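The chains referred to below are lettered A, B, ... by the order of the sequence lines, with proteins before strands, and numbering in each begins at 1. Predicted model only: the values in this text are computed from it and were never measured.
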Number of protein chains: 2
Amino acid sequence: METPIRCQFCSHLPGSAFHGLNNDALEEISHMKTCVSFRKGQVIMHEGARPQGVYCVHRGKIKLYTLGTEGKEQIIRFVTKGDLIGYRSILSDEPISASATALEDTHACYIPKSSFFKVIEDNPKFSLNLLQLSCHELGEAGKMITSLAQKSVKERLAEILLILRTTFGEDEEGYLDISLTREEIANMVGTATESVIRLISELRKDGFIDSKGKRIKVNDGSALREIASVFE
Amino acid sequence: METPIRCQFCSHLPGSAFHGLNNDALEEISHMKTCVSFRKGQVIMHEGARPQGVYCVHRGKIKLYTLGTEGKEQIIRFVTKGDLIGYRSILSDEPISASATALEDTHACYIPKSSFFKVIEDNPKFSLNLLQLSCHELGEAGKMITSLAQKSVKERLAEILLILRTTFGEDEEGYLDISLTREEIANMVGTATESVIRLISELRKDGFIDSKGKRIKVNDGSALREIASVFE
DNA sequence: GCTTCAAAATGACTTTTATCATATATTTGA
DNA sequence: TCAAATATATGATAAAAGTCATTTTGAAGC
């Protein structure tokens, strides 16, 4: 049995689409939603499907990915607490463009499509938040496109290690607080698994990162930024 | 002196953000906007800038691109009549993520930021249209990411020739109704200019396309679809 | 219609990255 | 804890794509 999660909690998370909604609105959403859990590895949404609602993630980490020609995953982005899944498809009235799979045990709230649209109609602020969110992600997607098109595999790997650190943070020992296989990293970078393995070894030998099995620690962020040619 | 363009015209173009707005709203927008022209080659918006309004394109063709490390353009998408420029940046309150340059003489209407937000506030329909638009583009961006990450240059070139045909259509002789240099095509595909030149020659020798200088004609769309591994 | 300049085409060569094979290490679950 | 499965590591090789140099063609301006 799930402990119900109050929408007030999620509305205060950074970047939440529910940010700034008044208590009455949040209470109303609370009544329309149901709480669900997903086990590590469980598929939450399938590319091509027509979702009947959106998920608001409360705990856990999720990868969003499309499947290429040979069935190879291309990870588009990660989803963590406070983020929505499925809203793109519902709002553009198109099939889901990316599958979602839990990277660890995940708790989320399910808001049916009709309720979701009701919140939009009743709360211009929510609608504006969603606009801001999707426009922000559009910018991020543009950056990813430019990286993939113009940077080398090594540059992209360094860039993604930095993105992982920003997105998931570090544990007490300084290791990235996300567990990904080399294959998953390759599926983000857009390269072969072996190439990622080789380059991670190289970065480790250079002392810029540490790695113990799946665990990766960024030792020298500015070196990675230099390798990635990120000037921000 | 520009002939003023009525917003009713653009609101009827396919995919217009102004679709479905009532006449009063459109009249009001007409009063807030100014008409501007851009010459072929002219830069309309600069990456990194803070736009003070959006452009609604009435006539012409525009490329949106980001600049990579070496100053190389990466074309993200094209903009044609009925499309908006600059809305992403204004809505996410971030600097412009892509520069815009006119590929041919272009006519557009400029709507100041404050007016743009007023239209959003007064017309939930407009706000919803923008949401739909940005979410659709987010899906397209995801597809582009997967292509860049997983497909070969030849596959991507074939794909983009098909996209160009869909976006710009053909003239009386069947040639694509858009004039791009090989370099610009390379900047879409994410490859070197010489590679595009070689592959275009190859596709021509195979009879799948014709090309006379810059003009390109798709002879065999299904062959291109097969090369691009597009199964839609 | 020339002339000039830029774009396209092509060849030779290099670099990057992918693929395949195999060995080693790390998880996972019984 | 140990065995089996999975993931990581590394080498050898092949394929893809990039770079540089040069020629040919086409477009734009006079």
Side-chain angles (χ1 to χ4, degrees), chain A residues 39-41 68-74 103-105 147-158 160-161 175-176 178-206 209-217 227 229, chain B residues 39-41 68-74 103-105 147-161 175-176 178-206 209-217 227-229:
Chain A
R39 287 298 176 82
K40 177 178 176 175
T69 323
E70 315 293 334
K72 188 180 175 186
E73 288 182 8
Q74 176 60 38
L103 292 168
E104 49 186 55
D105 291 357
S147 271
L148 282 166
Q150 299 195 358
K151 289 186 177 179
S152 69
V153 172
K154 188 173 180 181
E155 290 174 300
R156 268 141 54 202
L157 173 62
I160 275 164
L161 290 175
Y175 284 90
L176 295 180
I178 175 75
S179 172
L180 296 169
T181 64
R182 300 289 191 265
E183 187 180 1
E184 283 169 324
I185 295 174
N187 290 345
M188 267 216 91
V189 174
T191 189
T193 306
E194 294 93 325
S195 297
V196 163
I197 290 172
R198 267 180 248 274
L199 288 168
I200 283 182
S201 300
E202 194 183 319
L203 291 175
R204 188 179 49 234
K205 278 168 197 157
D206 290 338
I209 64 173
D210 270 348
S211 76
K212 283 185 184 173
K214 285 187 175 185
R215 303 178 69 211
I216 295 175
K217 169 157 64 173
I227 290 169
S229 315
Chain B
R39 287 296 175 83
K40 177 177 175 177
T69 322
E70 315 293 333
K72 189 180 175 187
E73 286 182 8
Q74 176 59 39
L103 291 167
E104 49 186 57
D105 291 354
S147 273
L148 281 166
Q150 299 195 359
K151 290 188 176 177
S152 68
V153 171
K154 188 174 180 179
E155 290 174 298
R156 267 141 55 201
L157 174 62
E159 193 170 35
I160 275 164
L161 289 174
Y175 285 89
L176 296 179
I178 175 73
S179 172
L180 296 169
T181 64
R182 300 288 192 266
E183 187 181 1
E184 283 170 326
I185 295 174
N187 290 346
M188 267 217 89
V189 174
T191 189
T193 307
E194 294 94 325
S195 298
V196 163
I197 290 172
R198 269 181 247 272
L199 288 167
I200 284 182
S201 300
E202 194 183 319
L203 291 174
R204 188 179 48 234
K205 277 168 195 156
D206 291 338
I209 64 173
D210 269 348
S211 76
K212 284 187 184 171
K214 285 188 173 185
R215 303 178 69 210
I216 295 176
K217 169 155 65 173
I227 290 170
S229 314

Legend entry - Selection residues 148-160 of chain B - residue pairs positive for salt bridge (Lys or Arg N to Asp or Glu O under 4.0 Å), sequence neighbours left out: Lys151(B)-Glu159(B), Lys154(B)-Glu202(B)

Legend entry - Close residues, residues 181-196 of chain B, relative to DNA chain D [heavy-atom separation under 4.0 Å]: Thr191(B), Ala192(B), Glu194(B), Ser195(B)

Legend entry - Of Thr181(A), Ile185(A), Ile160(A), Val153(A), the residue whose pairing with Val196(A) passes side chain to side chain contact (heavy atoms under 4.5 Å, CB included): Ile185(A)

Inset, instruction - On DNA chain D, reading 5' to 3', which nucleotide is the first and which the last to sit with an atom under 4.0 Å from a heavy atom of chain A, could you check? - result: dT8(D) to dA12(D)

Inset, instruction - Quick one: label Lys212(B) by what it contacts on the DNA or RNA (base, sugar-phosphate, nothing), any heavy atom closer than 4.0 Å. - result: nothing

Inset, instruction - Could you pull out all residues at least two apart from Ser211(B) that satisfy side chain to side chain donor-acceptor pair (under 3.5 Å)? - result: Arg204(B)

Legend entry - Where Gly190(B) and Leu148(B) come nearest, the two heavy atoms and their spacing: CA-CD2, 4.5 Å

Legend entry - Pair Leu157(B)-Thr191(B), side-chain contact (heavy atoms from CB on, under 4.5 Å): steps then yes or no: CA-CA 9 Å; Leu157(B) 174 62; Thr191(B) 189; over 6 Å; no

Legend entry - Closest-nucleotide 5' rank along DNA chain D - winner of Lys214(A) and Ser152(B): Lys214(A)

Legend entry - Rounded distance [0.5 Å steps], OG in Ser195(A) versus CD1 in Ile200(A): 11.0 Å

Inset, instruction - Say whether, by atom type as modelled, one donor and one acceptor occur between the side chain of Asp105(B) and the main chain of Lys40(B) under 3.5 angstrom. - result: yes

Inset, instruction - Specify the residue among Lys72(B) and Lys40(B) whose closest nucleotide of DNA chain D lies further upstream toward the 5′ end. - result: Lys72(B)

Legend entry - First-last contacting nucleotides on DNA chain C - partner chain B, under 4.0 angstrom, heavy atom: dA8(C) to dA12(C)

Legend entry - Stepwise side-chain contact (heavy atoms from CB on, under 4.5 Å) test for Leu180(A) and Met188(A): CA-CA 10 Å; Leu180(A) 296 169; Met188(A) 267 216 91; 5.6 Å; no

Inset, instruction - Return yes if some donor-acceptor pair links the side-chain N/O of Gln74(B) with the main-chain N/O of Ala149(A) below 3.5 Å, else return no. - result: no

Legend entry - side chain to side chain contact (heavy atoms under 4.5 Å, CB included) partner of Arg182(A), chosen from Leu199(A), Ile216(A), Asn187(A): Ile216(A)

Inset, instruction - Find the bend of the helix from dG1(C)-dC30(D) to dA30(C)-dT1(D) as the angle between its two terminal axes (five pairs each), to the nearest 10°. - result: 60°

Inset, instruction - For Arg204(B), report the nucleic acid contact type (base, sugar-phosphate, nothing); a contact means any heavy atom under 4.0 Å. - result: sugar-phosphate

Inset, instruction - Hey, could you give me the CG/CD1 distance between Leu161(A) and Ile209(A), rounded to the nearest 0.5 Å? - result: 5.5 Å

Legend entry - Qualifying residue for side chain to side chain contact (heavy atoms under 4.5 Å, CB included) with Ser179(A), from Glu184(A), Lys214(A), Arg215(A), Glu104(A): Lys214(A)

